[in-house]
4 protein chains.
Amino acid sequence: MRKLDPVKHENKRQEILTAAMRCFLRSGLKGASTAQICSEAKISPGHLYHYFESKEAIIGALSEAYLQTAAERFRAAVGGDRSVINAILSEMDIQAKGSQPAKLALLFEVFAESARNPEIAKILRTYDLSRRGVMAEVLRHGQRRGEIDPKLDPEAGATAVIGLVDAAKAMTLRASRSDVKKVQDTFKSILTGLLRSPTQKATKSTPPFRSRP
Amino acid sequence: MRKLDPVKHENKRQEILTAAMRCFLRSGLKGASTAQICSEAKISPGHLYHYFESKEAIIGALSEAYLQTAAERFRAAVGGDRSVINAILSEMDIQAKGSQPAKLALLFEVFAESARNPEIAKILRTYDLSRRGVMAEVLRHGQRRGEIDPKLDPEAGATAVIGLVDAAKAMTLRASRSDVKKVQDTFKSILTGLLRSPTQKATKSTPPFRSRP
Amino acid sequence: MRKLDPVKHENKRQEILTAAMRCFLRSGLKGASTAQICSEAKISPGHLYHYFESKEAIIGALSEAYLQTAAERFRAAVGGDRSVINAILSEMDIQAKGSQPAKLALLFEVFAESARNPEIAKILRTYDLSRRGVMAEVLRHGQRRGEIDPKLDPEAGATAVIGLVDAAKAMTLRASRSDVKKVQDTFKSILTGLLRSPTQKATKSTPPFRSRP
Amino acid sequence: MRKLDPVKHENKRQEILTAAMRCFLRSGLKGASTAQICSEAKISPGHLYHYFESKEAIIGALSEAYLQTAAERFRAAVGGDRSVINAILSEMDIQAKGSQPAKLALLFEVFAESARNPEIAKILRTYDLSRRGVMAEVLRHGQRRGEIDPKLDPEAGATAVIGLVDAAKAMTLRASRSDVKKVQDTFKSILTGLLRSPTQKATKSTPPFRSRP
DNA sequence: GATGAATGAGACTTCATTCAT
DNA sequence: CATGAATGAAGTCTCATTCAT
């Protein structure tokens, strides 16, 4: 007789979150209204507040879910038996290619929000730390397997790699469609150059964007 | 008969813009209200519309002014007789250090806005093209002076450099204060490695974030 | 689960409409503010928009309701067993006598609005067509009963009759109170003369506004 | 040295009035702003108040001018040597054909305004009285010349004629373009029948909108 | 659980008018 | 005479949230 079906409750919560995501993608963080979200989720405006304390709470939950998913995906990607560098490069590909402008815009808005909303700031910080931790771990793993330059400091390297991945992603918003590919190749080359162990560096592939001799 | 004011008008316009900037920094793009802006600029609510057609127009003007200033500063920085690479590195420094979180957050919001507001999108695109053009020109100049690897394709190189500068800047928002310096050094090293001409590469400085031997 | 309210909702809607009508009569179409309407209807300023999309929508609904009522009343009036001509004449009476200046002024404003607002224009056009259709039908009915001149073209006759009714109504706004009765008699005579079948025309009543012999 | 050039002042006043008329026709009475009018008249917003006390005063002046012009035109039209009935019919033609929807809408708005603005009400009343006076005079003139039924009461007849003329004019706003001609013929026939002297009535033209035998 | 009516502050913007220059 | 900066009230509408049912 107590709370009816915690499973159903959680399911509805998820439905609302995905509905909210659609709204946010369409209209932006402030642009999407709770009314919009409710109608997208097919619930009444009052009922929203059974599941979330406020609009902010929805944004928080959504951010957290998104970032967790991203982290898990990355962990899975580098978990396989594949070369570590290739895993990182393919991660960059996925990030850059899967980035519809609307999604990126939303991400930017969340970043901006984090500068004014401590709740969001905390979520982002947590995610960033975990992301860097995972990346450092991955780099260490690669060093043990001889794929990554053993002289590289894993912590600082992780920061650099993540920065590059993010830069590649951000580029897609502003660069013309025709430039995107070139830009991505550029960053992949930089990454490879940064990470590759010296023995591999001997057999250098043609470096990026050199003029043809 | 006298048209007294083209200069006074422009001054007031600028005052309003800086007042608006303060508001936007404090409360965000959508968070700042026209009422706030007017009271900050010490004008009546209606009077704002003598100077700007809409709140959007203010954002547009502000974006344009900011981007123009940035472009001019950069052009000045590389215009001197200094080594081109140093100029670029110092540009990165300025971008990263001058970036208060509030300012960065605002920039993010503007990027996000550009995904939904064609007016803003156009301004950003124009700026981005000019920025890349200037950077490519700078790289060519460096190649003529033997400072930059002559095999580097200036256009693609410019894109890469700008991406790195932006990444360094963006990093400052999320990395803990203590990490920021390390991150910047990382990116500076990458940049240097990317651009330096082979003769200079012979006398290699300590590579970035290598574990100490 | 319960959908309690389709009827309550409609009631509130009607309350708001009558409140709005009072405001419009008092202050005119543009003169009445949504705030005024809300306070007259004893609802909060925002709540209005649960029931109507916009102020325009209120005007539209009000116009439509008014015109529908008028049409139904007229249909009822001529539906009885009374002489058709008498029914039309009494319709003219009702129109002219029931016309408070404020109501007429409002009607004029709606007409004016229709020249600039396609939504209103459509409503008026629909009403006008239906009105003319009904009147033509009535005339045909009268012709079958031998009350109306069989040579009269029902469509064109309807147009003329409606024009006369409207003219009688409009007159009340400008003519001095003492003139109104005279004007109405005038138009009634014209109408009678226009419609009466030849057999009835033989027994002519005193013609309108002839100087006494 | 006193007031500079009263003639120039009057000229500018007229220019402003015609500019205001353009604005009112375009946007309506409340829809047109003083700013719009000033820019159309090419004067500064403040300067408007050298010529008119308020926006209302402009509307008043415009109404008065318009009505005066109309009255004069009509007096001129019936002043010639032409048959009185023809003069009235042609007046009806002119009124109906020259009525662009925008002009009619404006007229309606002025009527509506008169119900709430005593200033305007007074102007309209004055005009209406003069109009009726002129028309009655015309009818008497026609009676002296044997063109108009001598039994017709000139005052009441004038009211009826004006009502018909106005009705014909108003019709043009709502009737479909194809109907307008028919409607006008209808009213002209009614008018003719109403006014024509018995001797002329003997030679009856085919009455209006009779079905063909 | 679920509805949707209700709130009221506040958003952006317009406008007739005044006033210093 | 003429300008246009300035006012401030008011306009329509939106929105996150609450509450009775």
Side-chain angles (χ1 to χ4, degrees), chain A residues 3-5 8-9 12 30-39 42-58, chain B residues 1-6 8-9 12-13 30-38 41-58, chain C residues 1-6 8-9 12-13 30-38 41-58, chain D residues 3-5 8-9 12 30-39 42-58:
Chain A
K3 217 179 185 180
L4 270 156
D5 212 339
K8 252 186 187 167
H9 187 271
K12 195 77 198 169
K30 304 233 173 178
S33 71
T34 52
Q36 229 173 97
I37 294 170
C38 288
S39 112
K42 282 171 196 154
I43 60 171
S44 65
H47 202 33
L48 183 64
Y49 291 83
H50 277 272
Y51 295 94
F52 297 95
E53 268 200 332
S54 66
K55 192 184 170 185
E56 268 193 14
I58 298 178
Chain B
M1 286 292 168
R2 298 166 257 153
K3 284 232 175 177
L4 276 169
D5 287 21
K8 233 180 194 172
H9 187 273
K12 193 80 199 170
R13 227 183 99 102
K30 305 229 173 175
S33 72
T34 53
Q36 241 173 83
I37 294 171
C38 288
K42 281 171 197 152
I43 60 173
S44 66
H47 199 29
L48 183 63
Y49 293 82
H50 261 299
Y51 296 94
F52 297 94
E53 271 200 333
S54 64
K55 192 185 171 185
E56 263 193 20
I58 298 178
Chain C
M1 284 294 168
R2 298 167 257 153
K3 281 231 177 180
L4 277 170
D5 288 20
K8 234 181 194 174
H9 187 274
K12 194 81 198 168
R13 226 184 100 101
K30 306 228 173 174
S33 70
T34 52
Q36 241 173 83
I37 294 171
C38 288
K42 281 172 197 153
I43 59 172
S44 66
H47 199 30
L48 184 63
Y49 293 83
H50 261 299
Y51 296 93
F52 297 95
E53 270 200 333
S54 65
K55 192 185 169 183
E56 262 192 23
I58 297 178
Chain D
K3 216 177 185 184
L4 270 156
D5 212 340
K8 252 184 187 168
H9 186 272
K12 194 75 199 170
K30 304 232 173 177
S33 71
T34 52
Q36 228 173 98
I37 294 170
C38 288
S39 112
K42 281 170 197 156
I43 60 172
S44 65
H47 201 33
L48 182 65
Y49 291 81
H50 278 272
Y51 296 93
F52 297 95
E53 268 199 334
S54 65
K55 191 185 171 183
E56 267 192 15
I58 298 178

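Computed over heavy atoms, backbone and side chain alike; hydrogens, waters and symmetry mates excluded. Protein chains get the first letters and strands the later ones, always in sequence-line order, with residue 1 at the start of each.
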Original post:
Within this structure, what is the OH-to-P distance between A:Tyr49 and F:dT17, rounded to whole angstrom?
Top reply: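 Value for this atom pair: 4 Å.
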Subject >> Protein-nucleotide distance (B:Gln36, atom CD; E:dA9, atom C1'), rounded to Å >> reply: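 It works out to 14 Å between those atoms.
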Original post:
Taking all non-hydrogen atoms of both residues, which atom of C:Ala32 and which atom of C:Gln36 are closest, and how far apart?
Top reply: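 Shortest heavy-atom contact: CA-OE1, 3.9 Å.
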Subject >> Pairwise side-chain contact, D:His50 with D:Ile43, heavy-atom cut-off 4.5 Å (strictly under) >> reply: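 Sidechains of D:Ile43 and D:His50: no contact.
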Subject >> Pairwise 5' ranking along DNA chain F for C:Ala35 and B:His9, keeping only the more 5' one >> reply: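 Final value for this comparison: B:His9.
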Original post:
Which is true for B:Ala32 with a 4.0 Å heavy-atom rule: it touches a base, it touches only sugar-phosphate, or it touches nothing?
Top reply: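 Sugar-phosphate: the residue B:Ala32, judged by heavy atoms under 4.0 Å, touches backbone atoms but no base.
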Original post:
What's the spacing between A:Leu48 CG and A:Ser44 OG if we round to 0.5 Å?
Top reply: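 Reported to 0.5 Å precision, the distance equals 8.5 Å.
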**OP:** Tell me which nucleotide among E:dA16, F:dA2, E:dT17 gets nearest to the side chain of D:Pro45.
**Re:**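 Of all the options, the side chain of D:Pro45 is nearest to E:dT17.
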Original post:
For F:dA16, does either OP1 or OP2 sit under 4.0 Å from a side-chain N or O belonging to A:Thr34?
Top reply: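 Yes, A:Thr34 has a side-chain N/O under 4.0 Å of OP1/OP2 on F:dA16.
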Original post:
C:Phe52 has an atom CZ; how far is it from atom P of E:dA6, in whole Å?
Top reply: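 In whole Å, E:dA6 P and C:Phe52 CZ are 13 Å from each other.
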Original post:
Atom OG1 in D:Thr34, atom CZ in D:Phe52: separation rounded to 0.5 Å?
Top reply: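 If I round to the nearest 0.5 Å, the distance is 13.0 Å.
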**OP:** Answer with yes or no whether B:His50 presents, from its side chain, a donor or acceptor under 3.5 Å of a partner atom in the base of F:dA6.
**Re:**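 Yes, the side chain and the base share a sub-3.5 Å donor-acceptor pair.
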**OP:** Starting at atom NZ of D:Lys30, determine the distance to atom C1' of F:dT12, rounded to an integer number of angstrom.
**Re:**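 It is 16 Å, rounded to the nearest whole Å.
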Original post:
Atom CG of A:Leu48 to atom C1' of F:dT17: distance rounded to whole Å?
Top reply: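 These atoms are roughly 10 Å apart.
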Original post:
Using purine N1 to pyrimidine N3 plus N6-O4 or O6-N4 for Watson-Crick, or N1-O2 and O6-N3 for G-U wobble, each under 3.5 Å, what pairs with E:dC19?
Top reply: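 Its partner is F:dG4 (Watson-Crick or G-U wobble, both distances under 3.5 Å).
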**OP:** Rounded to the nearest 0.5 Å, what's the gap from NZ on A:Lys30 to NZ on A:Lys55? Could you check?
**Re:**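 These two atoms lie 7.5 Å from each other.
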Original post:
Is any side-chain N or O of A:Ser44 closer than 4.0 Å to OP1 or OP2 of E:dG4?
Top reply: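 False: A:Ser44 side-chain N/O out of range (4.0 Å or more) of E:dG4 OP1/OP2.
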Original post:
Among E:dT3, F:dA6, F:dT17, which is the nearest nucleotide to the side chain of A:Ile43?
Top reply: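 The nucleotide sitting nearest to the side chain is E:dT3.
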Subject >> For atom NZ of B:Lys55 and atom P of E:dG10, their distance in whole Å >> reply: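 So the NZ-P distance, B:Lys55 to E:dG10, works out to 15 Å.
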**OP:** Calculate the interatomic distance between A:Lys42 atom NZ and E:dG1 atom P; express it in whole Å.
**Re:**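 Taking atom P of E:dG1 as the reference, NZ of A:Lys42 is at 19 Å.
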**OP:** Quickly work out the A:His47 NE2 to F:dA20 C1' distance and round it to whole Å.
**Re:**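 A:His47 atom NE2 is separated from F:dA20 atom C1' by 16 Å.
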Original post:
Think A:Tyr51 has a side-chain N or O under 4.0 angstrom from the OP1 or OP2 of E:dG1?
Top reply: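 Checking A:Tyr51 against E:dG1: at least one side-chain N or O falls below 4.0 Å of OP1 or OP2.
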